[in-house]
Amino acid sequence: MNFQQLRSIREAARRGYNLTEVANALFTSQPGVSRQIRELEDELGVVIFERNGKRLTGLTEPGKGILKIVDRLLIEAENLQQASLEYSGQTSGTLSVAATHTQARYALPKVVQGFRAAFPEVRIALQQSAPEHIAEWVLSGKTDIGIATEGLSQFPDLVSFPCYRWSHLIVVPDGHPLLGHSPIRLEDLAKYPLITYDKGFTGRGHIDDAFAKAGVATDIILTAMDSDVIKQYVALGLGVGIVASMAFDHGRDQGLRAVEASHLFATNTTRLAVRRGAYLRAYAYEFILQLAPDLTRADIDRAMGGEEAP
């Protein structure tokens, strides 16, 4: 048994049993992948994959159990490598962070600045995507840390921590009629075309829930992942925007006005997630604590050990 065999098993399951994609991911040939899988099956005396001719079509029942063990073995192998770097005193490395656009653009700059002051030899690889992709990247080990408002707490193989709470704002051009309403009601908002986030992004669920519970119909004419895009279309007069509070800058967003909306929509919690069982380098702890200062290293260790996160 060797690690290449284990990686072939894991990648085959991850990549929909497409051996061409597995071979590309592992920098080997398709026949080489097939051989690695067959050799491990022969050694274990168990058929791991269902087949249609030479094509893999799924996992057998024993294969499903074996895949879980393979995942644990490969995670521990990665942890061993990280621990050796930590204990040898190496302070350099790369921390891979995946976040939604709003988090990357508005919440992370000060965190990254503080982190770099503490660990100047560590590179940060910052990636942006949708919450579901962020979760997949953390689960697969492609990313060390994931940050999003929605979705991360739904995966049992992720450990997630609350970072901070925030509300939505209503954004309108200067002179808009809504500025004469105090406080603004959902019924007032619904009289205008609305521009806000795509479903699954930046607290969009709380926006939809508020209107649905109030029985107020809306006309959401445009959605986007990017807060700046939403504000741009509001500035063009296409509609009223609903954005995250941290996405509005009174000095920079000239020509626009922000109106408090915390009384209309539920408060949101941005969360940070890491893969359960992963070994965290000292600099990973530092990044987490920069973003979630109410946590302690002991809180993180307890959650990683199976206790409920704060």
Verify same cluster id: Val243, Leu189 (apolar side-chain graph, 4.5 Å): no

Between Pro162 and Thr269 the two heavy atoms that sit nearest each other are CB-CG2, 3.8 Å

Indicate if Phe155 and Leu67 have the same hydrophobic cluster label, given that clusters are the connected sets of ILVMFWY residues with side-chain heavy-atom separations under 4.5 angstrom. no

In terms of side-chain heavy atoms, does Asn268 have a donor or acceptor partner in Tyr164 at a distance below 3.5 Å? no

I'd like to check Arg116 versus Val112 (side-chain heavy atoms, cut-off strictly below 4.5 Å). Are they in contact? yes

Leu194-Ile230 co-clustered via ILVMFWY side chain contacts under 4.5 Å: no

Is it true that a side-chain atom of Thr196 and a backbone atom of Ile242 form a donor plus acceptor pair closer than 3.5 Å? yes

Pi-cation contact, Tyr197 with Arg204 (under 6.0 Å, within 45°): no

Closest heavy-atom pair, Glu43 versus Gln5, reported as atoms and distance to 0.1 Å, is OE1-OE1, 4.2 Å

Would you sort out whether Trp166 and Thr267 count as a side chain to side chain donor-acceptor pair (under 3.5 Å), showing the intermediate values? CA-CA 6 Å; Trp166 56 272; Thr267 301; over 6 Å; no

If only atom types and distance count, is the side chain of Asp253 paired as donor or acceptor with the main-chain N or O of Phe248 below 3.5 Å? no

Over all atoms of both residues, closest heavy-atom pair of Pro156 and Arg276: O-NE, 2.9 Å

Could you measure the distance from the CZ atom of Arg297 to the CG atom of Leu289? Nearest 0.5 Å is fine. 8.5 Å

Can a donor-acceptor pair be found, under 3.5 Å and without considering hydrogens, that links the side chain of Asp188 to the backbone of Arg185? yes

Verify, without hydrogens or angle tests, whether Asp198 (side chain) and Phe201 (backbone) share a donor-acceptor contact under 3.5 angstrom. no

Please check this pair: side chain of Thr143 against backbone of Gly146, looking for a donor-acceptor N/O pair closer than 3.5 Å. no

Under 3.5 Å, side chain of His181 to main-chain N/O of Pro183, donor-acceptor pair present? no

Give the C-alpha distance, both sets of side-chain angles, the deciding distance and a yes or no for side-chain contact (heavy atoms from CB on, under 4.5 Å) between Phe115 and Leu95. CA-CA 11 Å; Phe115 175 82; Leu95 181 67; 4.0 Å; yes

Would Ile195 and Val240 count as a side-chain contact (heavy atoms from CB on, under 4.5 Å) here? Give the steps. CA-CA 6 Å; Ile195 304 172; Val240 172; over 6 Å; no

Nearest heavy-atom approach of Leu179 to Pro173 is CD1-O, 4.1 Å

Test: side-chain hydrogen bond (donor to acceptor under 3.5 Å, both in side chains). Region: residues 63-73. Which pairs qualify, not counting sequence neighbours? Glu61-Lys64

When you group the ILVMFWY residues by side-chain heavy-atom contacts below 4.5 Å and let the links chain together, are Ile48 and Val22 in the same group? yes

List the residues meeting ring-ring contact (aromatic ring centres under 6.0 Å, His included) with His206, not counting sequence neighbours, and say none if there are none. none

Filter on side-chain hydrogen bond (donor to acceptor under 3.5 Å, both in side chains), then keep only pairs touching residues 48-60, sequence neighbours left out; what's left? Glu41-Arg51

Would you confirm whether Thr100, through its side chain, and Ala148, through its main-chain N or O, come within 3.5 Å as a donor-acceptor pair? no

Are any of the side-chain heavy atoms of Gln36 and Asn2 separated by less than 4.5 Å? yes

Strictly by modelled atom types, are Arg271 and Ser160 linked by a side-chain donor-acceptor pair under 3.5 Å? yes

Find the distance between OG (Ser8) and CD1 (Ile37) and round it off to the nearest 0.5 Å. 5.5 Å

Does the His250 side chain pair with the main chain of Leu256, one donor and one acceptor, at a distance under 3.5 Å? no

Would you please test Val171 and Arg257 for side-chain contact (heavy atoms from CB on, under 4.5 Å) and show each step? CA-CA 6 Å; Val171 179; Arg257 297 279 297 278; over 6 Å; no

If you take all heavy atoms of Ala23 and Val33, which pair is closest and at what distance? CA-CG2, 3.8 Å

I'd like to check the side-chain contact (heavy atoms from CB on, under 4.5 Å) partners of Lys110; sequence neighbours left out, ordered by chain and number. none

Test of understanding: clusters of I, L, V, M, F, W, Y form through side-chain heavy atoms closer than 4.5 Å, transitively. Do Met304 and Val97 belong to the same one? yes

Please determine which of Asp144, Ile145, Val122 meets the side-chain contact (heavy atoms from CB on, under 4.5 Å) test together with Phe287. Ile145

Under the side-chain contact (heavy atoms from CB on, under 4.5 Å) test, which residues partner Gln128, sequence neighbours left out? His101, Ala104

Going by heavy atoms in the side chains, are Leu108 and Leu126 under 4.5 Å from each other? yes

Look only at the side chain of Lys199 and the backbone of Thr223, and say whether a donor-acceptor pair between them is shorter than 3.5 Å. no

Going by distance alone, is a donor N or O of one side chain under 3.5 Å from an acceptor N or O of the other, for Thr149 and Thr270? yes

If you link I, L, V, M, F, W and Y whenever their side-chain heavy atoms are under 4.5 Å apart, who else ends up in the same group as Val47? none

Considering all heavy atoms, the nearest Ala273-Leu152 contact: CB-CD1, 3.9 Å

Considering only heavy atoms from C-beta outward, does the side chain of Glu21 approach that of Arg14 to under 4.5 Å? no

Less than 4.0 Å between a side-chain N and a carboxylate O, is that true for Glu11 and Arg7? no

Are the side chains of Asp157 and Arg275 in touch, meaning some heavy atoms are under 4.5 Å apart? no

Considering only NZ, NE, NH1 and NH2 on the basic side and carboxylate oxygens on the acidic side, decide whether Asp209 and Lys213 come within less than 4.0 Å. no

